[in-house]
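This report refers to the structure that appears directly beneath it.
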Amino acid sequence: MLRIYQNTYRRTARKAVVYSTKVACCNHSTLCGITSHPRRAQDSGSSSSNGRHRGHEEFLLAGNPARGWQMPPPSRGYGMLVVRILRGALKLRYIVLGGAIGGGVSLSKKYEEWKDGLPNFKWLEDAMPQGERWSQFSRNLIEVGSLVKNAIEVAKDDLKAKTTVAALGITSDESRKKYEKLQSQVETLQTEIMNVQIKYQKELEKMEKENRELRQQYLILKTNKKTTAKKIKKSLIDMYSEVLDELSGYDTGYTMADHLPRVVVVGDQSSGKTSVLESIAKARIFPRGSGEMMTRAPVKVTLAEGPYHVAQFRDSDREYDLTKESDLQDLRRDVEFRMKASVRGGKTVSNEVIAMTVKGPGLQRMVLVDLPGIISTMTVDMASDTKDSIHQMTKHYMSNPNAIILCIQDGSVDAERSNVTDLVMQCDPLGRRTIFVLTKVDLAEELADPDRIRKILSGKLFPMKALGYYAVVTGRGRKDDSIDAIRQYEEDFFKNSKLFHRRGVIMPHQVTSRNLSLAVSDRFWKMVRETIEQQADAFKATRFNLETEWKNNFPRLRESGRDELFDKAKGEILDEVVTLSQISAKKWDDALSTKLWEKLSNYVFESIYLPAAQSGSQNSFNTMVDIKLRQWAEQALPAKSVEAGWEALQQEFISLMERSKKAQDHDGIFDQLKSAVVDEAIRRHSWEDKAIDMLRVIQLNTLEDRFVHDKQEWDSAVKFLESSVNAKLVQTEETLAQMFGPGQMRRITHWQYLTQDQQKRRSVKNELDKILKNDTKHLPTLTHDELTTVRKNLQRDNVDVDTDYIRQTWFPVYRKHFLQQALQRAKDCRKAYYLYTQQGAECEISCSDVVLFWRIQQVIKITGNALRQQVINREARRLDKEIKAVLDEFSDDEEKKGYLLTGKRVLLAEELIKVRQIQEKLEEFINSLNQEK
């Protein structure tokens, strides 16, 4: 602009000099009637010059007889006419000079004043000659004009000669003073230009502010309108941000799909990246730190225009009012919390993207990604791979061929210490998508060399190339400064800084965050319009290929994604829970009784029945049974009963799930998910604590009854005793078979042999059988004399064993003997019910063990009934809640769903659905973009 003003000044001054020369030369001798040239005039000498002066008057007043006409005698009217014309011409010279200095506006004004000052020439209509005389006078005036032109050429030569002589006479000191004066004038003009630019920007910002207020009112009114039938239309930038979110979930490696533009903010640690982003967003939305790493994960910020200045996370419904300091503090705290939560496994940085949207009046629409700062040295509290992780993450985002790289360089440090410029140059060597930003230039003005700063902003210091170079000030190092205070400080700095005013190196559009925001937004939307169609075409082709593959592999199935399959599996599992409550009471009683006896049988035999049988008499047997049953009911029996009831519930539910697998419409893709849900729900489920206290009271009251009331119960008890003893006898015989080896027939038919230990066991068993044969009512333990006798008898047969070895062999041998006797007593008591009713405990036939098992059978029956009611009324519902809770947790855990619902069918359907969604969003965005054009 300065050069334009200087060139205009020179041209205007040159014209003014030439024109004034023309007027000054009107008395030159060439105005005479003799058509002589300047060279002839020089040759003729001064005498001819005097003659020419006299000829001027003769030519103008008397005319030229050779032309065939003669001038009328001189009069006062014609003389006044010539005088007025000459005076007007002289006045025009000063007007031209004033207009060249004052500008075009002053020139126009002076011209109008001069025109108004001219006399009224209507009297010339009567005074001027008419007809042929006027034609002759006109031709003479034309000749006068040509003579004036020749005179001007002569004056120009004289003026050039005089100028050359004057220039040779100027000394070097005068030249230097003149240069300094011109330099000061240039600086003064540049300062004025900068002030005009700042004034213009202030006026523009004022108009924009008024426009924002009007637009805010319009948007508020538009938002408050009733939209019952219409769906609220999304903004263009929101639609584009959703497309980016879909693409990030579909292709995280930029291998084929996600080549859409976004602004990637990169720079060294503490270079001011986050501050630049906040200045563009017009809010301090990120946590602050004193030299430490604050950005630990990529933060995607979508800037959009809206009536209110608010921020919102993508996965949250809360809106933060950015005009309130309390909401700003909450937002910064939540951002910091999300960053720390994204870092797992001892890592320092994370690749998990934190997405948020910032809306407000006057915000430039774009999508920015703030990345962790590049570091050169790691501290002791960082993970070992932090430096490489940051480098890989930065290259990952910059490798997108359409990503706009916002390269942030700290202006307060040496340029050679920069790490980011080399990375940027590797990803964008030609600088076609890089915008360089120099921050902290207020500190650079005091610390750095001004020439280096100018070289950086002119692109001459770094080998890195860029689309544009900008200088910004993003703060004064105060955490409590607002964005408005920072922008005012930035504006004042660039207005008064000498660094950006000298020599005209830095253009006004290269400074302030506002100009940077406009440039980035303009480049962002330009690249979006250039690449969006190509991206949509790529997804059309991908969708066609996936649909063809699906039809070839699964022609009769619909494309159901993982979420839809999960909902279907959830419904089937909940249906099975409902079926659980519809099981009949008899089936529940059988299942609970079986599970209870399975849990209690071992304790009954080992801790009650066998010890009581060793007492020797029927009375002592009954007394010991009463004591042990009461202790059992007060301590372990209720808890064991609840445990048995829970296992029965679990078993029935699993059996229902297994039966559902045999249905014709069963889909095996859900099996793994169903099993995981059931296992997790069962693991979490616990029986109500008050059920144990309730069962304890019922069981104690039941065990107090010692008399069998009818023959049916007696027979049932005998049958229960026989079945229980037979089951124990089978277990005992299996133990004996392992201890003594196969029999002779099996050894012959199956070619099996006895081990040395089995041969010893058989020898010991033979001696023990002799003892039991001699005393069928032998006690459960061997005496010392019996042990010594057995040992000596074995030594006589060259079998050397110790007493412990004999006792180990005696235990299963005696148990088998005892169980066989118990079975015999059960058979004897089968028909002794009426004798029992008459004689009671003093019955001739010992049936105390039948009474014991009747009492246990009654406890199992009463306990099973109580557990069944508990299952139907309470536990089934609680299990249903547990399963629903597990399903809800699994539905929110994408990783777990991906693990439990997998296979080619699921993966292909997921990809196809994702591609369709992306294509639809791309088409919707393209339509809106074309409408905006």
Side-chain angles (χ1 to χ4, degrees), residues 261-277 279-280 291 293-295 298 349 368-378 386-445 447-474 499-500 505-507 510-511 513 515-517 519-520 523-524 527:
R262 71 263 286 155
V263 181
V264 180
V265 186
V266 298
D268 297 333
Q269 183 180 350
S270 302
S271 61
K273 300 183 291 70
T274 304
S275 299
V276 170
L277 198 152
S279 181
I280 295 175
M293 179 182 292
M294 298 304 298
T295 306
V349 294
L368 303 101
V369 181
D370 186 21
L371 299 177
I374 298 172
I375 60 176
S376 56
T377 305
M378 294 188 300
T386 302
K387 181 178 178 180
D388 296 335
S389 298
I390 295 176
H391 276 250
Q392 293 175 3
M393 185 191 306
T394 305
K395 286 185 177 180
H396 167 75
Y397 277 90
M398 291 193 302
S399 61
N400 177 5
N402 295 318
I404 302 172
I405 303 173
L406 200 62
C407 180
I408 309 299
Q409 170 66 34
D410 189 349
S412 63
V413 300
D414 295 337
E416 291 79 7
R417 295 169 56 186
S418 175
N419 298 310
V420 69
T421 53
D422 293 337
L423 281 178
V424 174
M425 190 166 56
Q426 293 175 11
C427 297
D428 186 25
L430 300 179
R432 294 177 178 175
R433 50 190 180 91
T434 301
I435 296 176
F436 184 87
V437 182
L438 187 66
T439 61
K440 305 179 184 180
V441 291
D442 52 339
L443 301 177
E445 185 180 29
L447 302 176
D449 184 5
D451 292 334
R452 289 176 62 85
I453 299 297
R454 296 187 186 98
K455 287 182 179 179
I456 292 175
L457 294 178
S458 60
K460 297 179 181 179
L461 184 63
F462 294 112
M464 181 195 72
K465 299 179 181 179
L467 289 171
Y469 298 84
Y470 292 85
V472 297
V473 175
T474 56
L499 180 64
F500 299 94
V505 175
I506 309 302
M507 298 302 292
Q510 287 185 265
V511 298
S513 302
N515 290 334
L516 172 64
S517 176
V520 174
R523 186 62 186 173
F524 171 77
M527 295 192 71

Donor-acceptor under 3.5 Å (Asn419 side chain, Asp268 main chain): no
Check: Met398 main-chain N/O paired with Arg433 side-chain donor or acceptor under 3.5 Å: yes
Test item: Val420 and Ile408 side chains (from C-beta on) under 4.5 Å apart, heavy atoms: no
Spacing of Tyr469 atom OH and Ile435 atom CD1 [to the nearest 0.5 Å]: 11.5 Å
Donor-acceptor under 3.5 Å (Thr394 side chain, Ile390 main chain): yes
Euclidean distance, Cys407 SG relative to Tyr470 OH, rounded to 0.5 Å: 14.5 Å
Exercise: identify the closest heavy-atom pair between Val264 and Ala403: CG2-CB, 3.9 Å
Test item: Asn515 and Gln510 side chains (from C-beta on) under 4.5 Å apart, heavy atoms: no
Non-hydrogen side-chain atoms of Arg262 and Asn400 separated by less than 4.5 Å: yes
Backbone of Ser275 reached by a side-chain donor or acceptor of Ser279 within 3.5 Å: no
Residue among Thr434, Leu467, Ile404 satisfying side chain to side chain contact (heavy atoms under 4.5 Å, CB included) with Asp428: Thr434
Side chain to side chain, Asp410 and Ser270, heavy atoms closer than 4.5 Å: no
Side chains of Leu423 and Gln426 in contact at under 4.5 Å (non-hydrogen atoms): yes
pair Leu516-Val276: side-chain heavy atoms closer than 4.5 Å: yes
Over all atoms of both residues, closest heavy-atom pair of Met393 and Leu371: SD-CD2, 4.3 Å
Side-chain donor or acceptor of Thr295 paired with backbone N/O of Gly373 under 3.5 Å: no
From Phe524 atom CZ to Leu368 atom CG, the distance as rounded to the nearest 0.5 Å: 8.0 Å
